[in-house]
Amino acid sequence: QVRLVESGGGLVQSGGSLRLSCVAFGSIFSINAMGWYRQAPGKQRELVAIITNGGSTNYADSVKGRFTISRDNAKKTVELQMNSLKPEDTAVYYCNADIRSSLTMRSNDYWGQGTQVTVSS
């Protein structure tokens with residue numbers, strides 16, 4: 001009954017920018033932390049950025065100063081603005097959220113389907 005839907009991936013040249021968006025749908029009572037993870041071929045999924053419902057943020061060292069995470073609690077969205085992209089940023093990017101269901105009042109971890117970001121050199 002709860003799902004995350006991402007959009008905004010694509011192909012961009014090195015130094016370019018992309019903006020990823022993620023919206024939460026379903027029977028939602030509240031959303032705690034929201035974040036973005038990525039997984040490159042042959043590598044483990046890693047945290048890119050996370051934002052609490054109070055707006056506190058944390059970033060992977062590799063993206064600090066280049067990426068910005070933001071959220072709109074009323075719209076149940078989280079976005080990732082990615083600037084100065086590098087070929088090593090190429091990966092599938094996943095939206096993640098800790099959501100309390102209004103049906104069960106239980107919190108669970110939810111993932112989006114993933115969106116491909118490819119940065120060409």
Side-chain angles (χ1 to χ4, degrees):
Q1 293 89 1
V2 175
R3 59 191 178 102
L4 299 176
V5 177
E6 301 138 340
S7 61
L11 173 65
V12 65
Q13 288 188 333
S14 181
S17 297
L18 282 175
R19 189 174 185 88
L20 304 182
S21 296
C22 173
V23 58
F25 293 100
S27 303
I28 297 169
F29 179 79
S30 63
I31 303 177
N32 298 316
M34 304 183 83
W36 290 93
Y37 289 72
R38 68 186 180 187
Q39 188 167 19
K43 294 188 177 181
Q44 289 189 330
R45 190 173 298 189
E46 63 175 0
L47 173 68
V48 176
I50 193 167
I51 184 168
T52 68
N53 55 8
S56 297
T57 59
N58 194 28
Y59 295 91
D61 288 343
S62 59
V63 307
K64 282 181 181 176
R66 300 188 297 122
F67 292 10
T68 302
I69 189 170
S70 60
R71 65 187 283 173
D72 185 322
N73 291 331
K75 295 181 180 179
K76 300 183 180 63
T77 59
V78 61
E79 296 188 327
L80 186 69
Q81 177 66 42
M82 305 185 292
N83 298 328
S84 303
L85 283 160
K86 304 175 182 179
E88 51 263 45
D89 294 318
T90 296
V92 178
Y93 283 70
Y94 296 91
C95 176
N96 172 265
D98 178 16
I99 297 175
R100 183 180 298 274
S101 165
S102 60
L103 298 180
T104 65
M105 295 306 288
R106 284 182 153 180
S107 290
N108 280 297
D109 214 27
Y110 292 90
W111 293 90
Q113 79 282 4
T115 185
Q116 177 70 46
V117 171
T118 302
V119 184
S120 64
S121 58

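What you see is a predicted model, and the numbers here were worked out from it, not measured in a lab. Because only heavy atoms are used, hydrogens play no part in the values below, and waters and symmetry mates are left out as well, while side chains stay in.
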So disulfide bond (SG atoms under 2.5 Å apart) across residues 4-118, not counting sequence neighbours, yields C22-C95
Residues pairing under disulfide bond (SG atoms under 2.5 Å apart) where one sits in residues 25-58, two or more places apart or in two chains, turn out to be none
Closest non-hydrogen contact found for L4 with Q113 is O-OE1, 3.6 Å
- Query: Mind checking whether F67 and W36 have ring centres under 6.0 Å apart?
  - Reply: no
Set of side-chain hydrogen bond (donor to acceptor under 3.5 Å, both in side chains) partners for [X], sequence neighbours left out:
X    : result
S7   : none
N73  : R71
Q116 : T118
K43  : none

*Is a side-chain N or O of S14 found less than 3.5 angstrom from the main chain of S121, in a donor-acceptor match?*
no
Review point. Just by modelled atom types, is the S120 backbone N or O under 3.5 Å from a matching donor or acceptor in the Q13 side chain?
Key: no
Sequence neighbours left out, what passes side-chain contact (heavy atoms from CB on, under 4.5 Å) with [X]? Give chain and number order.
X   : result
Q39 : R45, Y94
V12 : L18, L85, V119
D61 : K64

Cluster membership besides F25, Ile/Leu/Val/Met/Phe/Trp/Tyr side chains within less than 4.5 angstrom, sorted by chain and number, is V5, V23
Rounded to the nearest 0.5 angstrom, the OG-CG distance for S21 and L80 is 9.5 Å
The reported gap from CD in E79 to CG in L20 (rounded to nearest 0.5 angstrom) is 9.0 Å
Can you get from Y37 to V78 by hopping between Ile, Leu, Val, Met, Phe, Trp and Tyr side chains that sit under 4.5 Å apart? no
Linked, directly or transitively: M34 and Y59 (ILVMFWY side chains, under 4.5 Å) = yes
- [ ] Side-chain contact test, heavy atoms from C-beta onward, threshold under 4.5 Å: evaluate it for V117 versus T90 and give yes or no.
- [x] no
- prompt: Below 4.5 Å, heavy atoms only, C-beta onward: do M82 and D89 meet side chain to side chain?
  reply: no
Please list every donor-acceptor pair under 3.5 Å in which a side-chain atom of residues 97-104 meets a protein atom from a residue at least two apart or in another chain.
residue : atom : partner : partner atom : Å
D98     : OD2  : N32     : ND2          : 3.3
R100    : NH1  : M105    : O            : 2.8
S101    : OG   : L103    : N            : 3.0
S101    : OG   : T104    : N            : 3.3
S102    : OG   : S27     : O            : 3.4
T104    : OG1  : R106    : N            : 3.1

When you compare the side chains of N83 and S17, does any donor N or O come within less than 3.5 Å of an acceptor on the partner?
yes
Sequence neighbours left out, cut at 3.5 Å: what donor-acceptor pairs do the side chains of residues 46-53 make with other protein atoms?
residue : atom : partner : partner atom : Å
E46     : OE2  : R38     : NE           : 2.7
E46     : OE2  : R38     : NH2          : 3.3
T52     : OG1  : G54     : N            : 3.2
T52     : OG1  : G55     : N            : 3.2
T52     : OG1  : S56     : N            : 3.1

